[in-house]
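Below you'll find the structure, written out as structure tokens, and then a few comments.
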Amino acid sequence: MKNWIRLGLVFFTLLTGASARCLATPVGAQDTALRKAELDEMLRIFPRSLAWEQWLKSSGELPPNFELLPSYPYLPNPFRLDDGQEVRSRAQWIQRRQELLQLFQHYTLGSVPPPPGNVRVADIKTRHEADATVQAITLEFGPEHKAKLAMELILPPGPGPFPVFMTQDTHYRWAMAAVSRGYIGCVYAGADSRDDTGGFVPIWPDYDWSKLTRRAWAASRCLDYLCTLPIVDRARIALAGHSRNGKVALIAGALDERFSAIISSSSGAGGACSFRFFSEAQFGEGIEMITRVFPDWFHPRLRFFAGRERKLPIDQHELIACIAPRPCLISTALNDPVESVWAIEQTFYAARRVYSWLGAEDAINLRYRPGGHETRAEDIEAYLDWLDTKFGRRNLFRASSPIYPTYADWLQADLWQ
Ligand code: GTR
């Protein structure tokens, strides 16, 4: 019986051409029956995730109709608009970027509220450390200014305007290294070490943003405040993060065009490693593992695509493409167990096509370091070298060369020599 349902849906797909990379269109009872059967199968074979089961129950959500979603075993083409046309003009790219951001919010990030537009300082305490002035600030915003967010600014001496190096609370020392180079260091409470963003959930109940998305949105609220300060060089505001914070940096850069540069260090799954090229199938961390071990990092809907990565309507090269043409550094370690140099390079090549199309091929760079997941002081200095170079302050950075060929090069290679 199930096969008849399946066959009927395949005919429906062929007849209607329903293949857009958006929501699979429901087609009544047959569709529901198929999707319920799909979910039962998932619950039978996936490792158990209580958080996911709870979400399934409370949302009543079923998997998408996979028959109606096109398969992209390689990476989806970021230039294909939802109506099937190719992007040919800047205006079409702007449209495509919006479509992509909607798709990301639906499938991986969850939805975000619009900028509240009323960020103000609730509290500020100033102290002096060596030559720098440190301001511990509490921002407040949103309905009745209920949302609170702690941030700290470390200001170098002088009137400015200064470029800004923003990062999460965890990376305070990165910010200090930036201050020694004449940046304003800015850290905010959107990290495991200090996180004010859980408080946003009850304030914006209509949005289903995931934890990392909230942290990215919080970075934008700091930016709202920074943009009011004459001491800030608004054209030079960078956001950096490592690992889960590296994912946050990419999300924030994609959602908010005011970030002028992004440093994404070892961001892995849901970061600069595409889901198609790095997953459990390659003995790596993919959708199944990340949505089970960290059920609140991404939208629970992402878990429907475990083992069906080819059906995911977007992939991570398109998140990076939403940052283009602004500078973006993708850094990884050669033996990082939660990343894959192969996956990163394929993601990088695919994102770089968008950068090239926008006339900014050199704005996206790779940096490799030896060893595993952790960073060393010299890595952070190299990130700052990269930033100095992109911000036209000095020219110190040397990008790493990709190791693997592109798929197109590989196809053309004479494999039998
Ligand atoms: C790992 C996670 C990675 C990475 C890392 C981190 O356990 O699976 O994707 O984000 O944590 O943030 O330290």
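All heavy atoms count here, side chains included; hydrogens, waters and symmetry mates do not. Numbers here are sequence positions counted from 1. All values reported here derive from a predicted model rather than from experimental measurement. Both counts, for ligands and for their atoms, begin at 1 and track the order of listing.
In terms of modelled atom types and a separation under 3.5 Å, the side chain of Glu140 and the main chain of Ala122 share no donor-acceptor contact.
With hydrogens left out, the protein atom closest to atom 2 (C) of ligand 1 is Glu285 OE2, 3.3 Å, a heavy atom. Ranking protein heavy atoms by distance to atom 6 (C) of ligand 1, first place goes to Ser243 OG, 2.4 Å.
Remark: aromatic rings of Tyr107 and Phe305 are close, center separation under 6.0 Å.
Annotation: Arg292, atom CZ; neighbour count of heavy atoms from other residues, nucleotides and ligands within 6.0 Å is above 12.
Close approach to Phe294 involves these atoms of ligand 1, each under 4.0 Å from a residue heavy atom: 2 (C), 7 (O), 8 (O).
Evaluated by nearest non-hydrogen atom to atom 12 (O) of ligand 1, the leading choice among His242, Glu339, Arg244 is Arg244.
For the pair Arg393 and Tyr183, the cation-pi criterion (under 6.0 Å, within 45° of the ring axis) is fulfilled. At least one cation-pi condition fails for Arg326 and Phe259: the charged atom is not both under 6.0 angstrom from the six-membered ring centre and inside a 45 degree cone around its axis.
Proximity of Lys247 to ligand 1, defined as any heavy-atom pair under 4.0 Å, is confined to the side chain (atoms from C-beta onward).
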